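By convention in this document, chain letters (A, B, ...) are assigned in the order of the sequence lines, proteins followed by strands, and residues within each chain are numbered from 1. Keep in mind it's a predicted model, so treat the numbers as computed, not measured.
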Number of protein chains: 2
Amino acid sequence: MSSTKLADQSFVLKTPKGTRDRNPFQMRVLEEVFTVIQNCFKRHDAVSIETPVFELKEVLTGKYGEDSKLIYDLEDQGGELLSLRYDLTVPFARYVAMNKIKTIKRYQIGKVYRRDQPAMNRGRFREFYQCDFDIAGDFGLMMADAECLRVVYEVLRDLNLGEFVIKLNHRRFLDGLFSACGVPPEKFATTCSSVDKLDKARFPYSFSPSPRPGKMSFKQTFACSYSEFVFFFTFRQAPWEDVKLELLQEKGLSPATVELIGEYTQITGGAEVLDKLAADPRLANVVAIQETLKEMQTLLSYCQALGIMDRLKLDMSLARGLDYYTGVIYEAVLKGFTYNDVQQATTMEPVTQVLGKTKKEGKKGHEVVEEGFQEGAVGSVAGGGRYDNLVTLFTPGAPKVPCVGVSFGIERLLAISEMLTKQRAASGDADGNKVRATETDVMVIVAHKGLITPRLEVAKELWDAKIKTAFSHKNQPKLLDQLQYCENTGIPLAVLIGDSELQRGVVKLRRINARNEREVARSELPAEIRRELAMLRKE
Amino acid sequence: MSSTKLADQSFVLKTPKGTRDRNPFQMRVLEEVFTVIQNCFKRHDAVSIETPVFELKEVLTGKYGEDSKLIYDLEDQGGELLSLRYDLTVPFARYVAMNKIKTIKRYQIGKVYRRDQPAMNRGRFREFYQCDFDIAGDFGLMMADAECLRVVYEVLRDLNLGEFVIKLNHRRFLDGLFSACGVPPEKFATTCSSVDKLDKARFPYSFSPSPRPGKMSFKQTFACSYSEFVFFFTFRQAPWEDVKLELLQEKGLSPATVELIGEYTQITGGAEVLDKLAADPRLANVVAIQETLKEMQTLLSYCQALGIMDRLKLDMSLARGLDYYTGVIYEAVLKGFTYNDVQQATTMEPVTQVLGKTKKEGKKGHEVVEEGFQEGAVGSVAGGGRYDNLVTLFTPGAPKVPCVGVSFGIERLLAISEMLTKQRAASGDADGNKVRATETDVMVIVAHKGLITPRLEVAKELWDAKIKTAFSHKNQPKLLDQLQYCENTGIPLAVLIGDSELQRGVVKLRRINARNEREVARSELPAEIRRELAMLRKE
């Protein structure tokens with residue numbers, strides 16, 4: 001996202017606002033993270049589907065409430081009116097409805113688009129990945145819901161990003177509590193949205209690409225230099241006092257009601273939360289609470305069987321923004337990472353692969369964009385819940401297709417993984433202290449002038465043997481430059497060729513780190529390289 | 001792409017024109033094809049990058065000549081003017097220029113967007129994948145070009161789609177030939193575009209989503225029913241006579257010049273083509289030809305060393321549409337597939353994964369969209385060439401960053417791979433004659449009522465052991481339905497649990513196809529499943 005003002009061009013050379021390129025180092029981390037996530041989804045018997053990046057505008061209309069104004073529309077160039085997808089959930093529901101599917105367990109990884117304004121941003125880019133796992137079908141109570149929670153658990157466990165907690169609530173719990181507190185039904189939604197802020201205040205994050213003037217009463221602004229841009233990190237700090245004020249003044253609830261909401265939304269904990277709610281005389285006659293208590297007991301017993309109870313935390317303040325949820329809702333939070341950790345990590349410089357010449361990536365081009373992490377928490381990294389009515393919106397009159405799912409916030413998981421990868425490299429855990437951007441095994445190196453054709457012939461033999469092979473594209477590369485290329489990009493082996501060796505049918509096989517080499521018959525080369533690679537992996 | 005008119009909605013439930021969803025079967029094929037291609041790119045020491053799906057409108061402006069009108073613009077919702085990317089090459093050049101990169105060998109796989117009108121379509125969807133491999137840097141003559149050709153060779157060899165040929169030409173050969181034939185320099189480009197049609201006529205393909213009225217002189221229209229839409233396949237048939245007419249009447253060339261062009265563009269073959277051109281007295285004084293002859297001799301000697309000469313065919317009619325090519329150009333064509341093959345294959349019905357219940361995918365929802373294949377040829381599946389001036393367009397005055405690359409036409413490769421996968425399944429080569437959409441190893445099956453918690457506990461144990469495990473989400477699934485699910489989705493093993501076995505600490509492990517089962521201690525289950533899977537793979 002560096003910018004360069006061109007002399008002869010009238011525009012700044014940059015990516016669009018809120019988007020970025022991903023450099024080779026970031027792509028390697030992305031590949032590793034996606035592999036972990038995909039493996040988990042496949043382990044759970046999920047199929048994969050893909051939908052277009054844009055949908056008919058009408059498909060998205062009326063699905064996102066207030067957030068609809070953040071949808072990117074395509075220009076009307078004649079023909080259909082189109083919009084970029086805002087998430088993967090609505091296109092999934094459209095797919096299920098269109099193909100009259102009754103049951104499917106699917107995953108989808110893809111980019112989604114949101115014209116987030118600085119004033120309303122949520123710590124996200126305008127183009128970012130989502131990674132969704134959903135189960136559609138009319139099944140036993142809480143069976144699919146429990147599997148989704150297990151998927152959240154497995155992904156976060158396998159990504160190995162430290163401690164995490166999965167916060168859990170139920171939309172009908174909120175409705176029941178609001179009702180018991182004396183909130184009139186028509187104000188459930190708006191009360192919910194105020195409570196949503198309270199939750200975010202406990203794990204606050206968000207950044208805006210430019211400083212946000214005014215309305216800073218709940219906020220502090222931190223400046224964090226990134227590349228040639230300056231990103232301003234704005235942390236929401238909405239303690240109960242502020243939410244209380246909003247409920248009283250803006251939402252017009254009575255002081256007694258607001259006081260009760262304050263008490264109930266503080267309730268968090270394990271299975272004992274259900275006992276507490278069950279024993280509460282004020283809730284005894286609230287049907288929504290009593291029915292939901294039984295459902296949640298079932299869910300927790302399933303989570304017990306699935307071995308994930310110690311990661312769950314019932315949290316009566318968890319509200320989730322989107323309108324379409326109808327049942328269980330959940331959100332996962334990493335506990336081990338602070339804003340400072342990540343900021344520190346960005347000062348390291350990843351080495352990128354280059355040809356013929358070494359080039360370190362500096363602050364200018366390829367820096368990792370970190371989102372806003374604050375001391376003690378990095379915000380939610382996964383969220384989801386049950387949405388039983390979304391598919392029916394596309395097929396009014398058709399039988400319901402109940403759904404439950406989870407979406408992983410990949411950008412944040414990637415930023416943390418990039419940080420850890422760099423830390424490991426810096427601490428010498430990774431091969432040769434290098435963060436590698438390629439998987440190349442060996443470089444064919446010429447010991448003296450020329451040798452173009454033999455260089456190509458040896459490379460061909462290695463490629464045919466499925467060995468990942470590099471060579472210099474220069475006519476007369478220097479020996480030192482070629483060795484340096486191996487060191488810089490982490491290639492562990494080199495095959496040195498010279499006229500006299502070629503005449504004797506041999507080459508030299510060299511270990512780059514140990515700097516030792518030995519002669520190998522050319523016919524034995526692929527086998528010898530495999531042997532060396534196996535030995536290096538063991539060491 | 002089935003359409004459903006909604007009673008209560010004012011729009012047809014469909015994907016946007018020229019786009020489609022990809023179903024689970026298609027996604028499995030896509031994953032396999034991408035893995036082969038990515039493995040090849042990695043074998044060649046390439047890094048990977050990613051760019052946003054949209055760019056500043058100005059980045060794309062002036063890069064695609066006439067085709068610029070096919071670019072999708074985003075609506076001006078305030079802020080920057082944006083367009084969806086038209087290919088991956090221009091964003092790559094922007095990336096190289098912006099980050100001041102001197103040398104890089106990168107690949108990128110992503111979707112690109114073209115508002116192709118029926119009248120000018122090229123057998124493509126409006127949203128389709130490109131799969132690009134490019135080498136940027138100032139290197140030895142033809143070194144990088146030769147490696148690109150080797151990459152085309154390896155990908156098509158590894159995809160195992162039968163015979164193929166890589167057609168090869170050089171932009172300066174065309175310039176030189178036109179000059180020798182008497183075409184004035186200002187008409188080189190337009191002559192080139194006529195010759196481009198001749199080439200396409202030899203391997204003709206293209207489809208339009210609606211019938212194309214008028215201007216049918218060179219064309220025949222075939223209707224091919226797909227889903228509830230009708231796709232019309234339009235085959236270009238532009239024999240030399242028609243191109244000749246165009247050159248004479250529209251382009252205003254002299255009959256002698258056109259006659260010569262007709263002769264030269266018929267020249268195709270191996271290395272002997274260079275000898276033929278070298279011996280031609282009419283070309284002896286044409287500098288462009290004489291210089292390019294030497295370059296091409298170098299290239300062919302490198303291709304010899306890389307073992308790909310038998311797949312290359314010099315073809316003086318190969319022109320390539322895009323303006324930015326400056327040197328070698330190439331295009332790969334599969335020889336073994338006919339339009340009829342593919343059409344026949346679409347009548348097979350892939351089985352998709354469903355939960356709790358079997359569902360065959362019929363013609364309605366999930367059919368494979370085949371592009372227009374014609375008897376004897378399926379058109380180009382990869383193309384590319386050298387473009388030395390593109391990066392400089394973004395950084396006038398900066399040193400040149402010469403580039404050469406190739407783009408694989410993934411949609412066509414996928415359609416053929418889908419066809420072959422279905423054929424193999426039909427002929428019984430695949431496991432259990434099924435085209436699988438999942439990789440699930442085992443299903444936990446309950447032998448009688450209830451057993452929800454034990455079902456979840458066993459599944460948990462298997463997931464913890466990284467075994468891909470399914471179970472029914474129904475409270476009381478029928479035994480037969482669960483076994484049927486395994487058969488339909490190709491799950492090879494089942495673990496049957498029942499009260500009496502659980503009390504004895506055992507379960508039954510069943511091979512679905514052989515229909516035999518044996519008792520296994522629950523503690524040994526993961527190890528026993530692995531043993532069975534290993535045996536099944538050997539069989």
TODO: Let me know if D158(A) has heavy atoms under 4.5 Å from chain B in its side chain, its backbone, both or neither.
DONE: side chain
Open item on the list: Heavy-atom cut-off 4.5 Å, strictly under: side chain, backbone, both or neither for I452(A) against chain B?
Closed with: side chain
Task: E127(B) versus chain A, the contacting section by heavy-atom distance below 4.5 Å - done: side chain
Open item on the list: Please classify the contact of Q476(B) with chain A as side chain, backbone, both or neither, using a heavy-atom distance under 4.5 Å.
Closed with: neither
Task: For chain B, the option from D441(A), D464(A), V458(A) that forms the most heavy-atom pairs under 4.5 Å - done: D464(A)
Task: Within 45° cone of Y129(B) ring axis and under 6.0 Å: K111(B) NZ or CZ - done: yes
- [ ] Please look at Y107(B) and chain A and tell me whether the side chain, the backbone, both or neither of the residue comes under 4.5 angstrom of a heavy atom of that chain.
- [x] side chain
Open item on the list: So for Q304(B), is it side chain, backbone, both, or neither that comes closer than 4.5 Å to the heavy atoms of chain A?
Closed with: neither
Task: chain A interface, residue from T51(B), N475(B), D73(B) that has the most non-hydrogen pairs under 4.5 Å - done: D73(B)
Open item on the list: Less than 4.5 Å to any heavy atom of chain B: does that hold for the side chain of E31(A), its backbone, both, or neither?
Closed with: side chain
TODO: Examine whether an atom of L81(A) lies under 4.5 Å from a heavy atom of chain B, and if so say whether it belongs to the side chain, the backbone or both; otherwise answer neither.
DONE: neither
Task: Option that, when pairs with chain A are counted at under 4.5 Å, heavy atom only, ranks first among E439(B), R150(B), R157(B) - done: R150(B)
Task: Greatest number of heavy atom pairs closer than 4.5 Å to chain A - which of I49(B), L84(B), N39(B) - done: I49(B)
- [ ] Counting only heavy atoms closer than 4.5 Å, note whether R28(A) contacts chain B via side chain, backbone, both or neither.
- [x] neither
Task: Under 4.5 Å from a heavy atom of chain B, the part of L82(A) involved - done: side chain
Open item on the list: Please determine whether a side-chain nitrogen of the Lys or Arg among E75(B) and R115(A) lies less than 4.0 Å from a carboxylate oxygen of the Asp or Glu.
Closed with: no
Open item on the list: Given heavy-atom pairs under 4.5 angstrom as the criterion, report whether the side chain, backbone, both or neither of I467(B) touches chain A.
Closed with: backbone
- [ ] Can you tell which part of V53(B) gets under 4.5 Å to a heavy atom of chain A, answering side chain, backbone, both or neither?
- [x] both
- [ ] Output the distance between atom NZ (K105(A)) and atom OG1 (T438(B)), rounded to the nearest 0.5 Å.
- [x] 9.5 Å
Open item on the list: Side chains of Q108(B) and Y95(B) only: does a donor on one sit below 3.5 Å from an acceptor on the other?
Closed with: no
TODO: Check the angle between the aromatic planes of Y113(B) and Y72(B) and answer parallel, tilted or perpendicular using the 30° and 60° thresholds.
DONE: perpendicular
